[in-house]
Asker: 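A single structure is presented below for examination.
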Amino acid sequence: AGWLRFSPDGATLWGGSKYGTTLVRWNTRTGEVDESLDLEMLPGSLNATGEVLDIAVGDDRRLAILVQENHGYGLTLFRRESGVVTPIALKDRGEEAALSADGELLAVEDTRPSDENDHTGSVVVRRISTGDELGRFSMRYLARLALSPDGQTLALISSRGVALHRLGEAAPPQPVLFGLEAYEYDLQCRFSADGARLAVATGRHIFLLDVAQRTIVARFAYDKTALDARRVSALALASDGTLIATGNTDELTRLWQVK
């Protein structure tokens, strides 16, 4: 799977390929597939080479899927309510984007870091229904973003550290630094279901942050074998933030218990 998302109660797990068009819903108690959804069959069908950027899972009847076009970074939101799917073409375009858990708020990369802007990327948070801009934030060497489930905390992430911005907060936060020397651009990140913790994987290092305190509470690293030195390519965080699952190119999934 290229991505995985739990429902708020943990009873359902959605998964799919990052560049594929088929989504699968599993029952986490039985392990059986309860539903298979082909995005190409939806209204305003997805180009087969589009990319699923994020998915917001409500109950079995509510689902929001954020899809990026293969060319031009255009964004489409497929919103399902009671079995009816409605495509919404969003005015924002970006290479990175994320949804709040209810699918109502969008965080999207407005500017990519480049030589022209001193390698500073910017992100806008917007209410989808009205188009209102709720905040705009920036970070030098921005590589990844994450939006908390309630949509009130935006994490801007580089291989050097994380800046946790809260909507409506006047002063910019001090970044939480990882203390790593090498730059990595293939990062993974995930908030816990309650938004209290944030897991970040950069290269072969994994960090767990307390969001309210803006501190690192645990860290792990692949360092035992040549295979373990490979970078983390997939990341998941248990709903209570005490268990981290990681995968890399050795085709193994590892569980990290947070004490």
Side-chain angles (χ1 to χ4, degrees), residues 1-8 10 13-15 18 28 52-57 66 96-101 107 109 123 137 139 141-166 173-180 182-224 228-250 252-259:
W3 55 265
L4 296 166
R5 297 290 186 276
F6 283 102
S7 61
L13 176 66
W14 283 89
K18 185 176 182 180
T28 56
V52 176
L53 291 185
D54 203 2
I55 178 170
V57 179
L66 183 64
E96 291 282 336
L99 295 168
S100 59
E109 187 179 49
V123 175
F137 311 91
M139 182 184 207
Y141 300 113
L142 174 66
R144 188 74 70 177
L145 64 90
L147 189 62
S148 64
D150 65 2
Q152 297 304 300
T153 301
L154 175 69
L156 300 185
I157 304 162
S158 76
S159 60
R160 290 298 177 90
V162 180
L164 292 165
H165 297 267
R166 299 190 180 102
Q174 289 293 322
V176 181
L177 300 178
F178 297 142
L180 303 177
Y183 279 99
E184 294 283 351
Y185 293 94
D186 186 16
L187 282 73
Q188 306 293 328
C189 54
R190 182 70 54 215
F191 276 99
S192 59
D194 59 6
R197 290 188 165 185
L198 174 73
V200 179
T202 170
R204 61 186 183 86
H205 299 272
I206 306 104
F207 299 88
L208 185 66
L209 288 83
D210 183 297
V211 174
Q213 299 298 319
R214 291 178 169 135
T215 57
I216 296 172
V217 295
R219 63 181 71 203
F220 310 93
Y222 293 110
D223 59 3
K224 294 182 179 179
D228 282 339
R230 297 177 181 179
R231 68 184 58 187
V232 174
S233 60
L235 175 71
L237 182 61
S239 58
D240 61 0
T242 61
L243 187 67
I244 301 172
T246 62
N248 60 15
T249 52
D250 62 7
L252 293 177
T253 298
R254 293 169 174 78
L255 298 179
W256 308 82
Q257 185 70 52
V258 180
K259 298 179 180 180

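Small disclaimer: the values here were computed from a predicted structure and weren't measured. Quick note: residue numbers are just sequence positions, from 1.
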Asker: Could you grab the distance from atom CG of Leu187 to atom CZ of Phe207, nearest 0.5 Å is fine?
Answerer: 10.0 Å

Asker: Hey, are the side chains of Arg214 and Arg166 touching, using non-hydrogen atoms and a 4.5 Å cut-off?
Answerer: yes

Asker: Let me confirm one number: the CD1-CG distance from Ile216 to Leu208, rounded to the nearest 0.5 Å.
Answerer: 9.5 Å

Asker: If you look at every heavy atom in Ile244 and Leu237, which pair is closest and at what distance?
Answerer: CG1-CD1, 3.7 Å

Asker: Quick one: closest heavy-atom pair of Ala193 and Pro149, and the distance?
Answerer: O-CG, 3.4 Å

Asker: Which side chain to side chain donor-acceptor pair (under 3.5 Å) pairs, counting each pair once, include a residue from residues 192-201, with sequence neighbours left out?
Answerer: Ser192-Asp194

Asker: In this structure, are over 12 heavy atoms from other groups packed under 6.0 Å from Gln257 atom CD?
Answerer: yes

Asker: For Arg144 and Ala155, indicate whether the former's side chain and the latter's backbone hold a donor-acceptor pair under 3.5 Å.
Answerer: no

Asker: Measuring from atom CD1 of Ile157 to atom CG of Leu198, what distance do you get when rounded to the nearest 0.5 angstrom?
Answerer: 5.5 Å

Asker: Which distance, rounded to the nearest 0.5 Å, do you find between the OG1 of Thr153 and the CG of Leu164?
Answerer: 7.0 Å

Asker: Minimum heavy-atom separation for Leu235 to Ala201, with atom names?
Answerer: CD2-N, 4.0 Å

Asker: Looking at Ala101 and Ala56, what are the two nearest heavy atoms and their distance?
Answerer: O-CB, 3.4 Å

Asker: Excluding sequence neighbours, so at least two apart, what forms side-chain contact (heavy atoms from CB on, under 4.5 Å) with Ala97?
Answerer: Leu53, Leu66, Leu75, Leu106, Val108

Asker: One pair to check against side chain to side chain contact (heavy atoms under 4.5 Å, CB included): Leu147 and Phe191. What are the steps and the verdict?
Answerer: CA-CA 8 Å; Leu147 189 62; Phe191 276 99; 5.6 Å; no

Asker: Specify the closest pair of heavy atoms between His205 and Ala221, including all atoms of both residues, with the distance to one decimal.
Answerer: ND1-CB, 3.7 Å

Asker: So which atom in Leu180 and which in Ser159 form the shortest heavy-atom distance, rounded to 0.1 Å?
Answerer: CD1-O, 4.2 Å

